[in-house]
Amino acid sequence: DAGVIQSPRHEVTEMGQEVTLRCKPISGHNSLFWYRQTMMRGLELLIYFNNNVPIDDSGMPEDRFSAKMPNASFSTLKIQPSEPRDSAVYFCASRAGYSNQPQHFGDGTRLSIL
Amino acid sequence: DQQVKQNSPSLSVQEGRISILNCDYTNSMFDYFLWYKKYPAEGPTFLISISSIKDKNEDGRFTVFLNKSAKHLSLHIVPSQPGDSAVYFCAARENSGGYQKVTFGTGTKLQVIP
């Protein structure tokens, strides 16, 4: 039973470069979430998809961030251009519908922008 | 504006004793609360939850208490074990605009000392 799969696990790049984080949700889950974890702010919700449609992107910090979900089994979070303050751990989570089922998280991508 | 607050960034407890992790919230629209546990280099995993219509939910060594009037919930772990050492996130859910939005706290790092 595969969980949420994120890639890469680690990414180190120079500021100004484009960064793409990838996520494969659990099969059958129709809600997908992108979070950013920092020491100061904990887990922040960036964007939330339901049935591949973005529902709430109010947490996306600025226009440099964008997310897509072209189909039910794949999502990307892109940062262009990247800045050192974007360094954080980014988590993807998925959930089955509107039930009281909890979100299932991937193991995260640790992003370092130099 | 942090709607879910975990004011203790860390907690140390002796093995076998009780661990009490606290969480406060400000949004009275939250109707469901969850606790997640996170080990280093892994994503958070669901631990226990409670609906706002209850004041207590118990699952093995883990009990969550909810005090709606005080907007406070707590997670009790009895007896604490070294394997419980992890970061614990409190999360709260609200129905917003036809969908469910979950807000996480900043986490409390629990260390159980053998």
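Numbered from 1 within each chain, the chains take letters A, B, ... in sequence-line order.
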Any chain of hydrophobic side-chain contacts (each under 4.5 Å) joining [X] to [Y]?
{"X": "Val19(A)", "Y": "Met15(A)", "value": "yes"}
{"X": "Phe104(B)", "Y": "Tyr32(B)", "value": "yes"}
{"X": "Ile48(B)", "Y": "Phe105(A)", "value": "no"}
{"X": "Ile50(B)", "Y": "Leu34(B)", "value": "no"}
{"X": "Val64(B)", "Y": "Val4(B)", "value": "yes"}

I want to check something: taking the side chain as every heavy atom from C-beta on, are Leu43(A) and Phe89(B) in contact at a cut-off of under 4.5 Å?
yes
To the nearest 0.5 Å, atom CZ of Phe46(B) lies from atom NE2 of His104(A) at 9.0 Å
Residues 35-43 of chain B vs chain A, non-hydrogen distance cutoff under 4.5 Å, contacting residues -> Tyr36(B), Lys38(B), Ala41(B), Glu42(B), Gly43(B)
A quick test of your reading: do over 12 heavy atoms of other residues, nucleotides or ligands sit less than 6.0 Å from [atom1] of [X]?
{"X": "Arg61(B)", "atom1": "CZ", "value": "yes"}
{"X": "Asn71(A)", "atom1": "CG", "value": "yes"}
{"X": "Arg110(A)", "atom1": "CZ", "value": "no"}

Okay, Val102(B) and chain A: the region with an atom under 4.5 Å from a heavy atom over there is both
When the 4.5 angstrom heavy-atom criterion is applied to Gln6(B) and chain A, the contacting part is neither
So, the part of Arg9(A) with a heavy atom under 4.5 Å from chain B: the answer is side chain
When the 4.5 angstrom heavy-atom criterion is applied to Ser58(A) and chain B, the contacting part is side chain
Residue from Gly107(B), Pro44(B), Gly105(B) scoring the most non-hydrogen pairs under 4.5 Å with chain A is Pro44(B)
Comparing Asp56(A), Leu45(A), Thr38(A) against chain B, the one with the most heavy-atom pairs below 4.5 Å turns out to be Asp56(A)
Per-residue tally against chain B (heavy atom, under 4.5 Å) across Gln37(A), Gln6(A), Met39(A) peaks at Gln37(A)
Side chain to side chain donor-acceptor pair (under 3.5 Å) filter on Glu14(A), not counting sequence neighbours, yields none
